[in-house]
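I have placed the structure first, in the form of structure tokens, so that the comments after it can refer back to it.
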Number of protein chains: 2
Amino acid sequence: MAETSGGEGLLYLTDEQLRKGIEAMFFAYRGFTADPDRILETLEYGRAHHRALHFIHRAPGTTVSNLLAILGVTKQSLNRVLRTLIDDGHVRSEKGRKDARERHLFLTEKGETLERQLSDAQRARMRAAYRAAGPAAVQGFRQVLEAMMDPDMRHAYNRLKESGA
Amino acid sequence: MAETSGGEGLLYLTDEQLRKGIEAMFFAYRGFTADPDRILETLEYGRAHHRALHFIHRAPGTTVSNLLAILGVTKQSLNRVLRTLIDDGHVRSEKGRKDARERHLFLTEKGETLERQLSDAQRARMRAAYRAAGPAAVQGFRQVLEAMMDPDMRHAYNRLKESGA
DNA sequence: AGATTTACGTCAGCCTTGTTGACTTTCCAA
DNA sequence: TTGGAAAGTCAACAAGGCTGACGTAAATCT
């Protein structure tokens with residue numbers, strides 16, 4: 001688009017610019033997780049619990065293997081977290097009707113409440129950042145992030161995007 | 001820019017849009033760390049080592065407390081990582097001349113080589129994402145990320161940015 | 001019908017990387 | 001000269017990743 005002749009217009013691809021992007025990702029991700037982390041701490045939960053809650057909220061009835069694929073962890077790792085969430089009454093696990101081997105996961109009311117509390121905190125920061133940067137910047141933000149994903153994750157992301165729109 | 005009348009133009013601030021942004025951050029961060037992680041694995045190092053190498057490369061001669069502030073971990077945690085990096089000959093620690101309590105940290109040649117290997121991998125993905133999204137998107141990307149940081153981290157980030165430019 | 005595969009759960013053990021708390025050494029500065 | 005800052009270290013602990021092995025129920029293939 002803005003590719004002019006001899007290499008001008010490509011200044012945004014210099015190592016220096018890329019390094020800044022890398023550092024921006026690092027520092028921003030810390031901010032991104034800071035607010036929910038503070039809430040989780042008081043509940044003896046961690047980021048892993050938050051992620052599970054988020055995606056179960058987002059795709060109610062999702063199966064365990066589905067969740068494994070999205071989160072990219074082993075079932076042993078997920079199970080530890082899921083176990084506590086179920087025991088604490090935040091998540092309900094339901095035997096599949098079509099395929100009884102599968103477990104479908106749902107948030108209970110208590111789970112929905114917690115999820116909302118966590119995501120309210122996270123969204124508040126996101127909203128402030130979006131508002132400060134403006135709609136055009138947000139579009140660019142999303143474009144770059146999407147391009148940065150592994151293809152598999154991009155597909156998972158787009159599937160969620162569609163279902164949610 | 002696109003702010004039309006009664007609340008239109010604020011559609012990018014809906015909970016749905018914010019949720020997509022949150023998911024984009026999650027999936028993108030995974031991609032962001034995937035390539036260096038693969039290299040680190042073969043060296044029995046972890047992400048913490050990479051972060052230390054990155055910031056020592058970026059700010060040669062930085063002190064331990066400086067690094068602690070930037071990385072946001074305890075000195076015990078950093079020390080474990082720093083210890084192995086020094087023992088393996090990637091990092092050199094030098095007593096301060098002005099203030100002999102301080103240790104100034106530098107990468108050795110070996111350390112520079114490793115840092116370059118890691119950051120080449122990470123930059124390659126970043127470059128591909130930048131190229132795919134274009135310069136305008138990149139600007140938006142950086143704006144949103146910067147707005148998302150905690151103020152302290154934003155300052156640290158900007159100090160690095162200046163020194164590096 | 002029987003064999004195989006899939007989905008899930010669980011036990012055990014390991015690693016990295018974060019934490020707190022306590023203590024020491026060195027050294028600057030008031 | 002003394003108080004406090006910078007750094008290093010020991011010990012113990014927790015979260016949350018991992019692998020490997022094993023068991024069970026249910027679906028699917030032969």
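Keep in mind that the numbers below use all heavy atoms, side chains included, and drop hydrogens, waters and symmetry copies. Letters A, B, ... are given to chains in the order of the sequence lines, protein chains preceding strands, and every chain is numbered from 1.
Residues forming a side chain to side chain donor-acceptor pair (under 3.5 Å) with A:T63 (at least two apart in sequence, or on another chain): none. Taking B:D152 as the reference, nothing meets the salt bridge (Lys or Arg N to Asp or Glu O under 4.0 Å) condition, with sequence neighbours excluded. Residues satisfying the side chain to side chain donor-acceptor pair (under 3.5 Å) test with B:E94, not counting sequence neighbours, are B:R92. Applying the side chain to side chain donor-acceptor pair (under 3.5 Å) criterion to B:R154, with sequence neighbours excluded, gives no partner residue.
If you measure from atom CD of B:E102 to atom P of D:dG8, you get 11 Å, rounded to the nearest angstrom. Residue B:L82 contributes atom CG, which lies 13 Å from atom P of C:dT17 at whole-angstrom precision. Spacing between atom CG of B:L105 and atom C1' of D:dA7 amounts to 11 Å, rounded to whole angstrom units. To the nearest angstrom, P of C:dA7 lies 15 Å from CG of A:L67. One interatomic measurement links the two molecules: CG of A:L85 to C1' of D:dG16, which rounds to 13 Å at whole-angstrom precision. If you measure from atom CG of A:D87 to atom C1' of C:dG9, you get 13 Å, rounded to the nearest angstrom. Distance CG (B:N79) to P (C:dT20): 16 Å, rounded to an integer number of Å. Atoms CZ (A:R80) and C1' (D:dA14) sit 11 Å apart, rounded to a whole Å.
Residue pairs meeting the ring-ring contact (aromatic ring centres under 6.0 Å, His included) criterion with at least one member in residues 73-113 of chain A, sequence neighbours excluded, are A:Y45-A:H90. Sorted by first and then second residue, the salt bridge (charged side-chain N to carboxylate O under 4.0 Å, His left out) pairs involving residues 62-84 of chain B (not counting sequence neighbours) are B:R83-B:D87. A side-chain hydrogen bond (donor to acceptor under 3.5 Å, both in side chains) check over residues 24-35 of chain A, counting only residues at least two apart or in different chains, returns the pairs A:T33-A:R47, A:D35-A:R38, A:D35-A:R125.
Contact annotation: A:R83 reaches the phosphate of C:dT10 (side-chain N/O to OP1 or OP2, under 4.0 Å).
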_Under 4.0 Å protein heavy-atom contacts per nucleotide of nucleotides 24-30 of chain C, with B for base, S for backbone only and - for none_ = --BBS--
What side-chain donor-acceptor pairs closer than 3.5 Å can you find for residues 130-146 of chain A, not counting sequence neighbours?
residue	atom	partner	partner atom	Å
A:R142	NE	A:Y157	OH	3.1
A:R142	NH1	B:Q17	OE1	3.3
A:E146	OE2	A:N158	ND2	3.3

For residues 50-57 of chain B, tabulate all N or O donor-acceptor pairs below 3.5 Å that involve a side-chain atom, not counting sequence neighbours.
residue	atom	partner	partner atom	Å
B:H54	NE2	A:E23	OE2	2.8
B:H57	ND1	B:E112	OE1	2.9
B:H57	NE2	A:R19	NH2	3.2

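Closest non-hydrogen pair, A:L118 versus A:L40, comes out as CD2-CG, 3.8 Å.
Listed by residue number, the members of residues 39-51 of chain A with any heavy atom below 4.0 angstrom from DNA chain C form an empty set. Residues from residues 71-78 of chain A with heavy atoms under 4.0 angstrom of DNA chain D, sorted by number: A:G72, A:V73, A:T74, A:Q76, A:S77.
For the atom pair A:R103 CZ and A:L82 CG, the distance stands at 11.5 Å (nearest 0.5 Å).
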